[in-house]
Amino acid sequence: MKFNDLFTGLLVLVLSGLVAAASWSLPNPSEQPLGPSAFPLILSGLLALCAAILAVNGARATQGGPLVGLADWARSGSALARLLLVPAAVIFYMLFAETLGFLICAPLILVVLFLAGGTRSLQAIGLSLAAALVIHSIFYLALGVQLPWGPLEPLRW
Amino acid sequence: MLDAYVTALGMVLDPYVLFVITASAIYGLIVGCIPGLSATMATALLVPLTFFMPPVPAIAAIVTTSTMAIFSGDIPGCLLRIPGTPASAAYVDDSYQMTLQGKPELALGIGLWFSVLGGLFGTAVMMVASPAIADFALGFGSVEFFWIVMLGLGGAVFIGSSTPLKACISLLIGLLIAMIGMNNPAGQPRFTMDSTEMLGGVSLIPMMVGMFACSEVMRHMVSDGSAPHAVVKKIGPIFANMWRLTKQYPWQLIRGSALGTIIGIQPGSGADMAAWMSYAMSKRFSKEPEKFGTGHPEGLIEAGASNNSSLAGAWIPALVFGIPGDSITAIAIGVLMMKNMAPGPTIFVNNPENVYAVFLVFVIANLLMLPLGWAIIKVATRVLSVPRRVLMPIILLFAIVGSYAINNSLFDVGVMLAFGVLAFILEENDFPVAPVILGVVLGPLLEEYFINSMIKSDGRLIGLVDRPIAAVLAAITIGIIGWTILASLKSGKASRQPAQG
């Protein structure tokens with residue numbers, strides 16, 4: 001997803017406005033001349049200035065062209081789907097790690113990603129189990145990180 | 001000082017530390033050698049593991065990994081014409097030509113041998129210069145430090161970037177992210193959106209892992225992930241001609257190492273710029289410039305030494321002032337801070353043995369590069385054939401667990417994802433990512449120095465420049481920024497004129 005500089009500039013301009021508004025309302029309990037809002041206000045001002053220059057440059061370069069262009073990969077449905085698998089995998093882990101446990105979640109994520117990348121199914125299953133066990137050993141056995149066990153709790157080693 | 005060095009030597013020669021150094025050396029060599037996996041990503045992925053180590057092995061792991069990865073980036077450049085790291089891109093034509101001429105061992109040997117010599121040169125300068133600069137800096141107050149941080153940030157954005165305006169926006173976004181949490185002069189919750197997890201600010205480790213690893217996995221997902229094939233199957237004796245070349249091109253070696261160290265010290269310009277500038281300089285002063293790009297060793301020697309010497313150079317401002325020269329030293333500073341070894345001139349007074357241990361790790365890492373570098377070159381063609389479609393999902397899982405491991409918190413996994421997506425979108429739109437990290441690492445310091453300086457001067461801006469050293473630093477910073485703005489305006493005009501004509 002490639003945005004035009006005009007679009008990005010306007011987006012950042014809105015962002016700097018939001019930051020300025022949020023900074024303005026910060027209380028200053030210490031009664032010093034510069035409270036917690038001073039520095040963020042300066043930064044949002046500078047950000048707004050840069051964003052405005054970017055937008056103006058972008059407007060000159062585009063001259064009526066589309067605001068949002070699509071990279072080659074974004075036109076291909078399969079590439080887009082593969083890309084979305086990454087956040088989906090992380091969110092899946094966040095939602096289900098506690099209930100399913102690491103040793104079930106991790107191989108599931110890996111199998112899906114391997115298959116999406118074109119790895120053959122048997123190889124994908126074998127690699128997923130091996131990689132999950134190795135990463136589990138590094139963090140759980142070597143570093144003492146408490147990875148969730150889920151229904152495999154009785155097997156905890 | 002000698003006592004501190006003896007203590008440091010004891011710390012470094014501890015079997016556990018030596019094991020960490022060797023393991024991270026092998027790791028750095030392998031990751032740097034695989035195209036598409038950068039030295040920065042290798043370092044970022046290692047950070048969650050260093051969290052569980054004492055300070056010296058943690059820093060040793062970072063130093064060794066980055067040193068090795070910068071060298072081994074030369075390997076795919078030579079064998080596949082795909083530089084493993086941007087720092088190897090400057091001389092990829094020469095090294096690949098050598099491979100095509102049937103001499104891959106010569107190109108790889110030069111890469112290894114002169115990287116080691118350049119790295120040792122930079123380390124020697126670092127060992128001599130940093131304590132002296134730190135001694136000088138002990139008299140600095142908040143105003144001087146404010147300008148030093150500004151100089152570091154200004155350098156990073158305006159020297160090291162091809163798109164200063166976008167780098168500036170990246171930096172400001174990073175600085176604003178650093179404002180999140182209660183870590184501000186008034187101790188007020190800021191931009192936390194009433195979330196208790198955000199009160200401590202954005203956790204550095206999940207952020208860095210997300211920006212450098214998760215975003216890389218996303219980029220891989222939209223690209224063709226097949227492994228490229230190397231043109232050679234067998235690599236001959238590597239060190240055969242090295243002594244002859246050292247005697248033939250001693251001046252190139254010294255010039256490359258010296259320029260690399262200086263570029264490394266300068267904030268914002270790292271190994272990439274060192275390699276490009278040294279290659280250009282080598283060609284400019286060469287008696288046979290027409291041979292450059294055709295498999296000629298001269299530029300390879302100078303630039304190969306230069307990019308490794310710049311790594312040690314970048315550590316000088318990092319250790320003395322806490323100003324990272326590039327994204328790798330930014331990560332290293334984050335690790336130092338976590339280990340209660342906040343860099344700055346006082347670290348040389350309070351924990352000299354820890355700093356000297358860092359110096360010694362540099363020496364060991366560079367020496368260890370000879371045997372391990374030789375070994376990785378021997379198995380390089382096999383490492384290069386590992387498909388990225390297998391590696392990338394494993395890297396994602398590692399990133400998830402690494403982010404979770406620090407606080408046993410799934411919130412941090414979310415932080416990792418959010419920053420991964422942010423980095424992906426930024427890079428897709430040509431915004432550099434390193435300034436965001438610099439902003440987040442240096443934001444709290446910059447605010448603290450600014451507010452303290454303002455309080456001391458009763459809120460008058462003249463207080464920022466009324467001490468001589470502060471005034472000089474201010475002039476340099478404003479000079480760099482002004483010069484870049486003028487240069488970009490000039491080039492903008494120049495590029496518009498032909499269009500109008």
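Just so it is clear, the model here is predicted, and its values are computed rather than measured.
- Of the residues considered (A:Ala79, A:Cys50, A:Gly144), A:Cys50 shows the highest number of contacts with chain B, using heavy-atom pairs under 4.5 Å.
- Residue A:Thr8 touches chain B through its side chain alone, counting heavy-atom pairs closer than 4.5 Å.
- Using a 4.5 Å cut-off between heavy atoms, A:Ser23 contacts chain B through both its backbone and its side chain.
- Taking the six-membered ring for Trp and thresholds of 30 and 60 degrees, A:Phe39 and B:Phe450 have ring planes inclined between 30 and 60 degrees apart.
- Taking all atoms of both residues into account, the shortest heavy-atom contact from B:Asn429 to A:Phe3 is OD1-N, 2.5 Å.
- The backbone N or O of B:Val222 lies less than 3.5 Å from no partner atom in the side chain of A:Arg82, so there is not a single donor-acceptor pair.
- Of the listed residues (A:Ile138, A:Ile135, A:Val112), the one with the most heavy-atom contacts under 4.5 Å to chain B is A:Ile135.
- Across A:Ala89 and B:Leu396, no two heavy atoms sit closer than the pair CB-CD2, 4.2 Å.
- Looking only at distances, a side-chain donor or acceptor of B:Arg190 sits under 3.5 Å from a matching main-chain atom of A:Pro36.
- When each of A:Ala51, A:Pro27, A:Gly35 is checked for heavy-atom pairs under 4.5 Å with chain B, A:Pro27 comes out on top.
- Annotation for B:Leu410 and A:Ala97: closest pair CD2-CB, 4.3 Å, computed over non-hydrogen atoms.
- The contact between B:Leu446 and chain A is made by backbone and side chain atoms together, counting heavy-atom distances below 4.5 Å.
- With a 4.5 Å cut-off on non-hydrogen atoms, A:Val12 touches chain B through its side chain but not through its backbone.
- The shortest distance between side-chain heavy atoms of A:Leu113 and B:Met392 does not fall below 4.5 Å.
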